[in-house]
Structures are given as C-alpha cells and as structure tokens.
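Some notes on the structure that comes next.
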2 protein chains.
Amino acid sequence: MAVTMNDVAKAAGVSLKTVSNVLNNYEFIRPATRQRVEDAIAELGYEANLTARSLRSGKTSMLGLVLSDLSAPYYAELASKLMDAATKHGYRVLVEQSAAEGAAELNALQGPFRQLTDGLLFTPLSISADAIAERAGTKPLVMLGEHIMDPRFDLVTMKNEEAAAALTSHLLAGGRRRIAVIGATPEESTGTAGLRLNGYRTALKNAGIPFDPALVAPAEWRRDTGAAAVAGLLEAGVEFDAVFGLNDVLALGALHELLIRGVRVPQDVAVAGFDDVDEARFASPSLTTVSPGMDEIAERSMALLLDRIAGRETADAGVHVKAEFQLKIRESAP
Amino acid sequence: MAVTMNDVAKAAGVSLKTVSNVLNNYEFIRPATRQRVEDAIAELGYEANLTARSLRSGKTSMLGLVLSDLSAPYYAELASKLMDAATKHGYRVLVEQSAAEGAAELNALQGPFRQLTDGLLFTPLSISADAIAERAGTKPLVMLGEHIMDPRFDLVTMKNEEAAAALTSHLLAGGRRRIAVIGATPEESTGTAGLRLNGYRTALKNAGIPFDPALVAPAEWRRDTGAAAVAGLLEAGVEFDAVFGLNDVLALGALHELLIRGVRVPQDVAVAGFDDVDEARFASPSLTTVSPGMDEIAERSMALLLDRIAGRETADAGVHVKAEFQLKIRESAP
DNA sequence: CTGAAAGCGCTTACAG
DNA sequence: CTGAAAGCGCTTACAG
C-alpha cells in the first residue's frame, strides 16, 4: 500500500490534522513541528492522494477544455498554450472533442466530465445560450469563441469583425475588387463565420463596393473543403481576384487548389486567411492572414477561469474580453 | 447537495449494495429489483460520483498521454485519434506536454499525473529505459515512439527503418544521388531520428552510393528549424539534389526555404518528408512522404493499454507492435 | 440474489 | 498552534 498521511503523522509524532496543516500551508504552525512533518514526508516518500483530497474537498485540480477537434491547427496550438498555462498554476487539463456536435457539447457540460473538473473552457458550436444556461451548474465556465455572446457568460474572444474588415480593406487597397469568401453562407451574421463575414461586408461598404452573395462559398473549416469550395467557384464560372478563407486551413486548401489549376497567386488571385497558425508562414507563397492574439486569449481565459474558481472574480454578469489582432501581410496578398 | 446512492437506495427500498450492483451491471439481480432501482435513479436524476468511486476502487477511468508538444501536427493528429478511441471505451484522456524535457517526463511517470490515471501512453524522448523501469510502478504503461525499444516495455511504433529506406530508394530511383537529410546528426542511430537515418543509409548502401556525413544536418523538428537547416546547407555550399526531412514539418520548412531562394522543387531539388500529416497533401508542391500508419498506431496502442488495464493481456515481456507504412508519392518528389 | 459494515485517504468544523 | 472525530460517496469482502 501507498504511504498515507496517517503514516506520516505517526512517524512525526503529531496528529493527522497537523500533517494536513503542513501540506496545505497553514500559516500558524510552529517551525519545529513543520520541520518534523516535512522530514517524515521526505523520509517516507509520502505523496498526497489526490482522489481522496478531491472527494473530501470537492476540488479536483483539473480543468476541462472542450473544443471540436484537436487536430485542427488553431485548436492544437491553443490547447498547447492553455495546457502550459494550467500547469504553471498547478492544474491539469482534461480535453474533450465535441466534433461540433450538440450531444457531445451537452455531455461535456453536465456529465462526468464536468464532475471531474473545477472549471471549464468551453467552445460551444452547436448548442444555444439557453441550453447552456440551463445546464451550466455552479462551477465556473468560460466561453471561448463567438458562437455564444451572451451577457450571462464569461467570454474570451477575438476582434473578428474588426480584423476581417482590416484584412478585406488590405485586399481592396491592393486593387482587388471581387473577393471570394470561403467558409460561410451569404446570409450568415453570427458565430465566428458570421462575424468575419460582417467585417468583410463592412469593408466593402466603406469602399463603396456592392456585396455579391455569389462570391460567398460555404464550407466546413478544413483544407480539403477549402480546396473543394474554390474548385466549385471556378467551375461555376464565378469571377474573382482574391480569396478570403475564413480561417487559415480553408485559405491553404484554396491556395493549393488554385495553384494546381494554374492560377497564379498573388498575380491572378490574392489569398488571405485568418488565425496565423505556424503553417501559414511556411506556405508557398506564404499566407497573408490575421494574427488573432492567441497568446492573449490563452492567458486571459485561463486567468479568468482561475479567478472564478478562486472567487477572486465575482462579477455577476459575464466578463467579456477581446484580444488585440494584427495583420500579417505576406506573399499571398502583399 | 447532489443525489447519492443512499438516496437512490431509500427511494427504491433496497440496500446500498443493491444499487451498487445495478450500477456495476452485476449479473444476478432480480429483474424487478433492477427495475425499481433504475426507476429511482431516473426519477432522482442520480449520477455516480466518480471521485468516490475512484477512491474506493482505485480506478480513475482516465488515461494519461505524455508527448512533447501538442501543437506539432503529428502529435495533434495522434492525440485526436487516441481521444476518440478512449471515449469509445469510456475513458477520458489527460494530456501532459513534456517539451522533451527529462524532468517533465519523470514527473509524468511518478507524480500526481500518474496517480490520476489508470494507464499511460508515453512518448519518452529524454529519459532512459532504466530510469523508466525504476519508476514505472505497477500501472500499465505503453510506449509510443522509438526512443525506448526495450523488451521490458510494451511498445507501439512504426517501421521507421524500412519506411525511410523505401522513401530513399524512391528518391534514388528518380535519379537523385546527393540526398540531404534534415533532423539528425550524422552518427545518430537510435531513436526516431537515428532509425530513419539508418533506413536512409541502408538504401544508399543497396544502391552502392557512399554515405556523406556533410549531407546530414541536425535540427529540432519544427518548420523554422527545417528552413534554417536547409539554408545552412546552401550557405555552406553543400551540393544536393534532394532533401529528406525526417518528419513533415522539417520537410515543409525546407521546402519553403528552397522556394524563396529560387530553387525549383522538384526540378532542381526533390523534397520528401515523413508522417503524412494533412498539411503535406496541401502543400505546394504537395509533399512526398511516408504514411506511418497512424490509425493503426492509435488503435493498437489504445487496445494494448486497455488490455493491460483489464488484465486481458498478461505477457510478462513487453508486447511490441509495428504498424504498416505506405509511401505517398506526390509532386515534391515524383 | 441481497444486506450490514467497514474503509479508501483525505479535509473540515469543532474544541481546547 | 494542535488534536479527536466525523464524513465526503462510493466499493468490497463477508454473510446469509
């Protein structure tokens, strides 16, 4: 059997409570007592049983991270940063992939997954704010992304509209007039895709250019679907001189498809994305995109969640944070 | 307070043990009793407390996954598949990033992380087999990768030597004679890099071509380091007509560097990688690489770990599994 | 097939 | 500053 607190207490000649006090850094312990306990711990190689601690205290020292797909570069990079941040604060991260499915999202919100974690970083994609509110429970919950922007919930996100507008304006300043958008439906206006499309429309409007729904191609946010979407536009005979992929993998898929069809980038068609994943810098041509402030998003969301858990943040209404973005002008749309 | 088993037992008019029997699918329960218990569970909305279960049973229903960096595409894709597999079997996955540092690896092996999981999928990169054996404890441990290939441990890996040899032979068959290798030191012969380099040397030997250490450039396995390594070779005046990046991100970084320097791929220099991450297919030119059988690796390693946990696999010596590979011939080295 | 009791290893009021 | 006791919510032998 493993060494228990009881063994430590006996070896140090103190009570259980005193050992617990030492472990939990209780302030008022006689230095000599503390020393004796610490010696006993070292000698016996005692390690606290986290499960027992958790059962009694109700805290698990684990955080939940729910996102659609860990193999998507944006999420992979974000998860990596969040885990590093959590480790720094003594927490571990339990990841759940929802595949953007409502059932999986609900499950993560209420099921055993929730029970095992002290707080949740949640990227909802399918379920509604009301469904979340109904099941939110009492443990802290911080939203990532923009499917839900509701005053009831804490939210850390990015400046989607502003950034998309800035990127579109850059394309317009480069003389592009028919900018295809990949990854949204023409009438979308909420959620990540909708907000980025709004930004695109705002920039067009400011430039006095009418919005043409024919230029907007829906697609799931992957490379293969980005490629297929641009192929669809070309085959439908839609004319365009730029492609705005609503995220980088869409743009990279589109870029690939254009090049194998002999379309020159950026001479014939400029291409731009959104996310600034590492891959974007090393594409050929390198990809113009938006850096959405991922470091800031990771740090702020982790800090907010930990503040809620510790009771340092007590605002009744949700706290909303938007990270700063940066345009990354590269070869694909100089 | 949450609903407990006691509440269910009272509501159903049975003992605690009977409720436990129903929850754990004990075979010999009178159907009527089972029904009453299930009704009570449904009515009260009872959910088992996993922490309590875990304290008593010693099982956590969590699996640990230790890898160096979740933002690396190969690991991101592997982790994603492993999580899906774990979910299918009722397990959750706790991920730990080691940054390939020995201290972090030791920590994952013994610390609280280990305590919280029923078994570990471990990609050691720094620590020795002996160090692992010393700290392996009694819980199941399956190695991923090839830093440790020791009969004491279960291991699921890929055919590094064979695959690297096959890829090199393909480059040779295409008329390439000076194939630079990025991501290893010339004398390396163990670990993932060493094995792949061995395969390269075997293929050269079979073709009667001498091994030139000047063609081998060390680099950490990232895009930026791949680019820097190829830049280093060019600036040192080393002549080569092909580049074998020991993984895809190295190859993609190298590809990018070659193209911005005006080297034509594949006309002047062929480029090949290893891993077949999704990105490889969509690079321009698309990347010739090895598909190492990631699906098989994910499935087999998960199955082996679960078999060890359940006691279905009882071999004293480590079970070693090697997945089948496939060459993916694409534009960068046709 | 089912029950009563013990106990997993901690933390938490409560005393003193 | 420290101790003795209770209890978090389960599962596990042990009986019957």
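Chain naming here is simple, since letters A, B, ... match the order of the sequence lines and numbering starts at 1 in each. Since the structure is predicted, the reported quantities are computational estimates derived from the model, not experimental observations.
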So does [X] get a side-chain nitrogen or oxygen closer than 4.0 Å to the phosphate oxygens (OP1/OP2) of [N]?
X	N	value
B:Asn6	D:dG9	no
B:Arg30	C:dC1	no
B:Arg56	D:dT12	no

Would you compute the distance between atom [atom1] of [X] and atom [atom2] of [Y] and round it to the nearest 0.5 angstrom?
X	Y	atom1	atom2	result
B:Lys81	B:Ile297	NZ	CD1	10.5 Å
A:Leu125	A:Trp221	CG	CH2	9.5 Å
A:Ser128	A:Glu134	OG	CD	8.0 Å
B:Arg114	B:Glu96	CZ	CD	12.5 Å

**Prompt:** Can you tell which of C:dT11, D:dT11, C:dG9 lies closest to the side chain of A:Met5?
**Reply:**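 Of the candidates, C:dT11 comes closest.
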**Message:** Closest approach to the side chain of A:Arg53, judged atom by atom: which nucleotide of C:dC10, C:dG9, C:dT2 is it?
**Reply:**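 Between C:dC10, C:dG9, C:dT2, the one nearest the side chain of A:Arg53 would be C:dC10.
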Find out whether [X] and [Y] are in side-chain contact, i.e. whether some heavy atom of one side chain is under 4.5 Å from a heavy atom of the other.
X	Y	answer
B:Met294	B:Asp275	no
B:Arg92	A:Pro112	yes
B:Asp69	B:Arg222	no

**Message:** At 4.0 Å (heavy atoms only), tell me whether A:Ser54 reaches a base, stays on the sugar-phosphate, or touches nothing.
**Reply:**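 No contact.
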**Asked** With a 4.0 Å cut-off on heavy atoms, is A:Thr51 in touch with a base, just the backbone sugar-phosphate, or nothing at all?
**Response**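 Nothing, no heavy atom under 4.0 Å.
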**Item:** Residues B:Arg300, B:Asp154: salt bridge by 4.0 Å N-O rule
**Value:**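 No, this pair does not count.
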Between the protein and nucleotides 3-5 of chain C, list the N/O to N/O atom pairs that are separated by less than 3.5 angstrom.
unit_1: C:dG3; atom_1: OP2; unit_2: B:Ser15; atom_2: N; d: 2.9
unit_1: C:dG3; atom_1: OP2; unit_2: B:Ser15; atom_2: OG; d: 3.0
unit_1: C:dG3; atom_1: OP2; unit_2: B:Thr18; atom_2: OG1; d: 2.5

**Request:** Whenever both distances are under 3.5 Å in a Watson-Crick or G-U wobble pair, mark it; put DNA chain C into dot-bracket that way, with [ ] for crossing pairs and | when the partner is on another strand.
**Result:** |||.||||||||.|||
